[in-house]
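Whatever order the structure lists them in is the order used to number ligands and atoms, beginning at 1.
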Amino acid sequence: MNTYKRVEILQVPFLQAGFNETVELLTRSVTSNAKIQVVTANPEIVMMGRQDPEYMKLLQQAGIITPDGIGIVLASRWIGQPVSERVSGYDLLHGLMKQANRYGWKYMLVGASPSSSDGAALKLKELYPNAVYAGHYSGYFTEEEEPDIVKHIQQEKPQLLFVALGAPRQEKWIARHLPDLPVNIVMGVGGSFDVLSGTVKRAPELFQKLNLEWFYRLVSQPKRWKRQLLLPKFAISVLWNQVLLRRN
Ligand code: UDP
């Protein structure tokens with residue numbers, strides 16, 4: 001992992017590895033029985049970190065942060081240390097599940113509504129029959145229910161744990177439990193279970209290719225508009241930072 005360079009975008013260190021390289025290095029982490037928290041961070045997450053020092057600290061401590069969003073890719077170019085491509089949580093989930101299917105890794109899911117959670121588990125079992133399903137929990141549990149979830153994960157010791165509680169809750173939940181979780185890779189995957197279960201549609205491929213997935217999400221889930229106001233703020237902050245750096 002140390003051989004990969006990182007680019008700091010507004011103090012968040014992004015791994016400068018493409019999708020395949022990221023899957024490869026995470027596969028090596030499983031083989032060497034390491035434990036890694038993966039954050040797939042978009043501009044909204046970076047801006048949340050700037051508003052919440054506790055969140056920023058745990059982002060900076062995460063093992064790997066991948067560039068999830070065209071905003072991050074563009075920002076890395078403005079900074080002059082470009083990342084090669086976007087590595088989204090949804091794609092990385094499938095990339096890792098393919099490896100789980102190939103090597104017989106165990107996986108568990110935590111998060112989303114009961115129907116999305118059930119649907120996501122069903123879909124993953126269907127798509128990756130050789131991966132070993134070890135259980136799933138919906139994401140609307142109480143604090144009292146948490147110890148049982150952690151206990152189940154401790155009994156199963158899955159290589160992969162996907163947590164879909166939305167940002168920043170999922171990263172905070174993972175960081176809080178990480179020392180007690182006997183897993184290799186634990187990753188926050190936002191709305192991925194909703195997409196897997198078919199509750200929410202991912203942007204059509206054309207939107208993805210044109211780097212307009214953010215626009216599709218804005219139009220299809222208008223209640224996100226407030227969060228998306230963070231996008232222009234992110235761009236201005238990155239550019240302003242560059243101006244300040246050049247002046248000094
Ligand atoms: N969620 C959850 N528990 C909560 C809040 C949210 O399981 O207390 C789930 C929610 O059902 C959805 C996911 O977290 O499946 C958040 O999806 P979103 O697309 O908002 O992810 P983000 O963009 O925040 O990463």
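Taking a cut-off of under 4.0 Å to the non-hydrogen atoms of A112, the atoms of ligand 1 that pass are 2 (C), 7 (O), 9 (C), 11 (O), 15 (O). Numbered from 1 in the order shown, with element, the atoms of ligand 1 that lie under 4.0 Å from a heavy atom of G111 read 7 (O). Heavy-atom proximity to S113, at under 4.0 Å, picks out these atoms of ligand 1: 11 (O). Near G139, with a cut-off below 4.0 Å to any heavy atom, the atoms of ligand 1 are 2 (C), 3 (N), 4 (C), 7 (O), 8 (O). Residue D194 has at least one heavy-atom neighbour below 4.0 Å for each of these atoms of ligand 1: 12 (C), 15 (O).
The heavy atom nearest to atom 19 (O) of ligand 1, considering only M48, R217, Q221, is found in R217. In this structure, of S192, A164, A167, G190, the residue bringing a heavy atom nearest to atom 9 (C) of ligand 1 is A164.
The aromatic ring centres of F193 and H136 sit 6.0 Å or more apart.
With respect to the salt-bridge test (charged N to carboxylate O, under 4.0 angstrom), the residues E126 and K123 qualify.
Residues S116 and D194 have side chains that bring a donor and an acceptor to within less than 3.5 angstrom of each other. T22 and T66 form no side-chain donor-acceptor contact under 3.5 Å, judged by distance and modelled atom types alone. Residues T142 and E145 bring a donor and an acceptor atom of their side chains to less than 3.5 Å of each other.
In this structure, atom 20 (O) of ligand 1 lies nearest to the protein heavy atom R224 NH1, 3.4 Å. Nearest protein neighbour of atom 1 (N) of ligand 1, counting heavy atoms only, is Y140 OH, 3.3 Å. Scanning the protein heavy atoms around atom 4 (C) of ligand 1, the nearest turns out to be R169 NH1, 3.1 Å. Among protein heavy atoms, the minimum distance from atom 24 (O) of ligand 1 is reached at R227 NH1, 2.9 Å.
In this structure, the side chain of K172 does not engage the main chain of E54 through any donor-acceptor pair within 3.5 Å. A donor-acceptor contact shorter than 3.5 Å links the side chain of Q170 to the backbone of G190. Checked by atom type and distance alone, the side chain of Q60 pairs as donor or acceptor with a backbone atom of Q11 at under 3.5 Å.
In E44, neither the side chain nor the backbone holds a heavy atom less than 4.0 Å from any atom of ligand 1.
In terms of N/O distances under 3.5 Å, ligand 1 is not approached by Q170.
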